[in-house]
Q: 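Just passing along the structure, written as structure tokens.
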Amino acid sequence: MDCDPGQDDAIAILMAIAFPERFDILGITTVSGNVSLEKTTTNALKTCELAGRTDIPVYAGCSRHLVNDAFHMDEDLHGETGLGGTELPDPETKVQKEHAVDFLIEAILASPKKVTLAVTGPQTNIAMALIKDPRIKGNIEEIIFMGGALEESNITPSAEFNMYLDPEACRVVFTSGVKLTMLPLDITHKLLTSKTRLEKIRAVGNKQAEAVYSMLAFTEEYDMKRYGMDGGPVHDPSVLAFMLKPELFEGKDVYVTMDLNGEYTRGRTVIDWFDLTNTTPNIYVIRDGDVDGFFDLIIDCLKRYSTGAVAA
Ligand code: RIB
Ligand code: CA
């Protein structure tokens, strides 16, 4: 998993760890994004400790982006720590010494089975690994990422946050030839929390569920105020939900490129939904899904922390 925790990234990590029989997590790599690299890395370590899986190695990656410098979301959405809504203890485990980009290359090349990358932040580390050692393309099963938008935006009127922070990285990933699946704002803006959904999460009654409840309640308040939505969109867990239950979602193979130089559109995913350019599709873009099924899956994941299914 390559991420910038951020509350929603942290929930995605908890979902991945909840299914040890499904996912052999080779490692978690962090990037600057929602908050600084130092904080995203600390938050990944905190989340693994919350999950009781301090055996999962965490590697720090790029502290800035290929062209854009680092960008840090204002603290209203993610709080001072980047995991606003929770007060998780400072981690006892340490980040690995190896740089995330080098880890990605080594782990992918060494894996006896093709590796799937779950990417929930700016794609800087992934692009750097593809540039540094393109051989990894041959052993990547798929990159499944949260980002982009057909008709939505959230950081500029044209762009979504993860893409906007590093459009050049997206261009590298989108043209890599690797199998790609995108979960854009068009689906995540449908995955909205509500009082009922949050209470059902809290009712699971373990510490992981309590943390997820508090984080979602925190971001919900910000998002409802900032965007006038009927709830808080749950972004990054959609990547794990797709990996666990792809049947929850509907999408289409389409051609997608990334606008780098538009005066008002830099960072926009240009998604040719109707094949107007007659170009070979490069990304499976998800546009719709079973919202109740998504939240039920999050609850199923959290319940697993009480049943002993999540063992180190
Ligand atoms: O636009 C939403 C994305 O930006 C999510 O990944 C969130 O964590 C932030 O990184
Ligand atoms: Ca993220």
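All heavy atoms count here, side chains included; hydrogens, waters and symmetry mates do not. First listed ligand is number 1; within each ligand, the first listed atom is number 1.
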Q: Taking side chain as C-beta onward, heavy atoms only, is Y255 less than 4.5 Å from I283?
A: no
Q: Any heavy-atom pair between the side chains of C3 and D236 that's under 4.5 Å?
A: no
Q: Among E160, M163, H189, H235, which residue places a heavy atom closest to atom 3 (C) of ligand 1?
A: E160
Q: Under 3.0 Å from the Ca ion (ligand 2), which protein N/O/S atoms are there?
A: D4 OD1, D9 OD1, D9 OD2, T120 O, D236 OD2
Q: Return each pair, listed once, that meets salt bridge (charged side-chain N to carboxylate O under 4.0 Å, His left out) where at least one residue sits in residues 164-178; pairs must be two or more places apart or across chains.
A: E168-R266
Q: Between T188 and ligand 1, which part of the residue brings a heavy atom under 4.0 Å of the ligand: side chain, backbone, both or neither?
A: neither
Q: Are the side chains of E220 and L198 in touch, meaning some heavy atoms are under 4.5 Å apart?
A: yes
Q: Kindly indicate whether the side chain of T181, heavy atoms from C-beta on, has any atom under 4.5 Å from the side chain of F242.
A: yes
Q: Test of understanding: given a 4.0 Å heavy-atom threshold, classify the contact between D9 and ligand 1 as side chain, backbone, both, or neither.
A: side chain
Q: From the options T120, T40, N34, select the one residue that forms a side-chain hydrogen bond (donor to acceptor under 3.5 Å, both in side chains) with D4.
A: N34
Q: So which bit of T120 gets within less than 4.0 Å of ligand 1, heavy atoms only: side chain, backbone, both or neither?
A: backbone
Q: Please answer whether the main-chain N or O of V67 pairs with a side-chain N or O of H65 as donor and acceptor at a distance below 3.5 Å.
A: no
